[in-house]
Protein chains: 2
Amino acid sequence: MAFDLQLGSAFPALRVREREVRGEGRPATKTRILIATENLFVNLGYDATSLRAITTEAGVNLAAVNYHFGSKEELFALVLTQRLDVLNLERVRLLDALESPSGKGFDSAHRVEQLIAVMFLPALRLARDSERGGPSFLRFLGRAYADPSPFVRNLLAERYAAQNARFVQAFARALPDLDAQDLSMRLHFMLDAISSTLASEDARKLMAALIASAHTAKERPDEDVAVLGHLAPFLAGSLRARADQPPQLKAIRAVVALL
Amino acid sequence: MAFDLQLGSAFPALRVREREVRGEGRPATKTRILIATENLFVNLGYDATSLRAITTEAGVNLAAVNYHFGSKEELFALVLTQRLDVLNLERVRLLDALESPSGKGFDSAHRVEQLIAVMFLPALRLARDSERGGPSFLRFLGRAYADPSPFVRNLLAERYAAQNARFVQAFARALPDLDAQDLSMRLHFMLDAISSTLASEDARKLMAALIASAHTAKERPDEDVAVLGHLAPFLAGSLRARADQPPQLKAIRAVVALL
DNA sequence: GCAAAATCAGAACAGTTGTTTGAATCGTTT
DNA sequence: AAACGATTCAAACAACTGTTCTGATTTTGC
């Protein structure tokens, strides 16, 4: 698999091994390192994934990482953007389609659910596309957005700032009654929750169980619709909830009085 | 400040320095280490907080941690349980009060909001109690529950398993229509979201801004009620949302069709 | 004030991390 | 077949981690 390079390039430095192009022998070290890095990152995160663990898993020499990628940070930057660029591309493409003037599929009453679907449908699709994502793609996604390392956080924040802003704007239009601060906090909540849930093993098992129960209830429904049918109302409910409603405030004051 | 020990204990090994008890001189090394550990943990988490950083910040010798606490893990176990034990004690006490047969403050229509208030009111109170918590208590809480280190995760999971189970049961009674799996997932969501939000600096600024705006809107309201008035409906909305509603499914299918 | 216990301090330990070196090897081209 | 650049390899590097060992110092109880 060629990554940042085209085959037969005129630049010697960017040429892949002929043997690998012809599909002979084992994959070149560069590829094996990238695969090993992704596998280990999914389970351990950035900090806890050492170069020695990577090179051992890949069956290559320790110095290979620095030789091929320059540094640990450059290696991870490639692995992360590799995956997340295609995800974000799909996301904005789908958002464009939803916002297109042709108005196909527009549903103003459930706009929030649709925006949530736009955010997560591409990820669900990639998880079943073994070429561009694969079964562990959702865990990868969760790890990436939940990783505590400043390097990973800065990379994601800077590289995808524009796309994130577009979604914040879209949600703001769909929820005109919510002031900007409150919306920002709730979206923050939502993304944090999704990320750590995707990253955690037992939470994903729960989601899988939910999908399975949806399958038995209806006859062969679309799997993505089943997942989003659970996820979207849940998240939309939190985004749409009205704050400072008198009866709720009264119930809360009753608890405060207990203390 | 005496931690795991009473003054004048009969056990020589558990005796604090007389000078500190009389308030003379600077705090004993043990105390300074505990304070430094808490400060650094709040900003960096368990893994990234080295013993050298702790002892430098505390102005004590490197070997002091192992001498006084045995190991890094034992030190952090003390720091964590120190704070979280009192929090969880307050929590179950408040839950007992809400569930008491006397029925004071009972509100079946807003039971979910009340349970959320029970979960977070003690934390808000401790954040304003400089003795047992302090201004950075919420950040501490967020860090603790969001920390990726297996040591911290296991410690919290094992030590507070019983209390957590009680809250899950209480939520299950308040939401009888939600099956156990779905409830478990949603609570997982909720806690993950709260934790990472409390831990993140900018998200807490948002919350502070919300409190401030609530102050201007009403006349000197109780600060805790203001926070919970925003938080509880938001979280309750996500817990109560109904999945698989036909009109929402239709809106989602429209998005799937766009792809 | 004395002896014993508790505390502190410096240095070093064994382990890990990411990175670099220089020589050996491989693959391709001429 | 020879030459050349690209790649692999073992080894070592410097910086860091938690921990432990010495001896000196201070504090405490009698």
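Each chain gets a letter, A, B and so on, in the order its sequence line appears, and its residues count up from 1. Worth saying up front: this structure is predicted, and the values here are computed from it rather than measured.
The interatomic distance linking Leu40(A) (CG) with dT17(C) (P) rounds to 12 Å, in whole Å. Between the P atom of dG5(D) and the OH atom of Tyr67(A) lies a distance of 12 Å, rounded to the nearest Å. In this structure, Asn61(A) places its CG atom 12 Å from C1' of dT21(C), rounding to the nearest Å. Separating the CZ atom of Arg32(B) from the P atom of dT7(C) is a distance of 16 Å, rounded to the nearest angstrom. The CD1 atom of Ile33(B) sits 11 Å away from the C1' atom of dC8(C) (whole-angstrom rounding).
Counting all heavy atoms, side chain and backbone alike, Val65(A) lies closest to Ser71(A) at CG1-O, 4.4 Å.
Within the 4.0 Å cut-off from OP1 or OP2 of dC8(C), at least one side-chain nitrogen or oxygen of His68(B) is found.
Residues passing the salt bridge (Lys or Arg N to Asp or Glu O under 4.0 Å) test with Arg91(B): none are found, sequence neighbours excluded. Residues passing the salt bridge (Lys or Arg N to Asp or Glu O under 4.0 Å) test with Arg143(A), sequence neighbours excluded: none.
Evaluation of the salt bridge (charged side-chain N to carboxylate O under 4.0 Å, His left out) test over residues 146-161 of chain A, restricted to residues two or more places apart or in two chains, returns Asp85(A)-Arg159(A). A ring pair (Phe, Tyr, Trp, His ring centres under 6.0 Å) check over residues 139-163 of chain A, counting only residues at least two apart or in different chains, returns the pairs Phe41(A)-Phe140(A), Tyr46(A)-Phe151(A).
Under the 3.5 Å distance criterion, the side-chain polar atoms of Lys72(A) are matched with a main-chain donor or acceptor of Thr49(A).
Between Phe76(B) and Leu155(B), the closest side-chain pair of non-hydrogen atoms is not below 4.5 Å.
End-to-end axis angle of the helix from dG1(C)-dC30(D) to dC13(C)-dG18(D), using five pairs per end and rounding to 10°, comes to 30°.
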task: Please report the C-alpha distance between Gln82(A) and Glu38(A) in whole Å, then the side-chain angles of each, then the deciding distance to 0.1 Å, and finally whether the side-chain contact (heavy atoms from CB on, under 4.5 Å) criterion is met.
output: CA-CA 11 Å; Gln82(A) 182 86 11; Glu38(A) 206 170 299; 5.7 Å; no
Return the polar atom pairs (N/O with N/O) between nucleotides 16-19 of chain D and the protein under 3.5 Å, or none.
from: dT17(D); atom 1: OP1; to: Ser50(B); atom 2: OG; distance (Å): 3.1
from: dG18(D); atom 1: OP1; to: Leu51(B); atom 2: N; distance (Å): 3.4
from: dG18(D); atom 1: OP1; to: Lys72(B); atom 2: NZ; distance (Å): 3.0
from: dG18(D); atom 1: OP2; to: Leu51(B); atom 2: N; distance (Å): 2.8
from: dG18(D); atom 1: N7; to: Arg52(B); atom 2: NH1; distance (Å): 2.7
from: dG18(D); atom 1: O6; to: Arg52(B); atom 2: NH2; distance (Å): 2.8
from: dT19(D); atom 1: OP2; to: Asn66(B); atom 2: ND2; distance (Å): 3.4
from: dT19(D); atom 1: OP2; to: Lys72(B); atom 2: N; distance (Å): 2.9
from: dT19(D); atom 1: O5'; to: Asn66(B); atom 2: ND2; distance (Å): 3.4

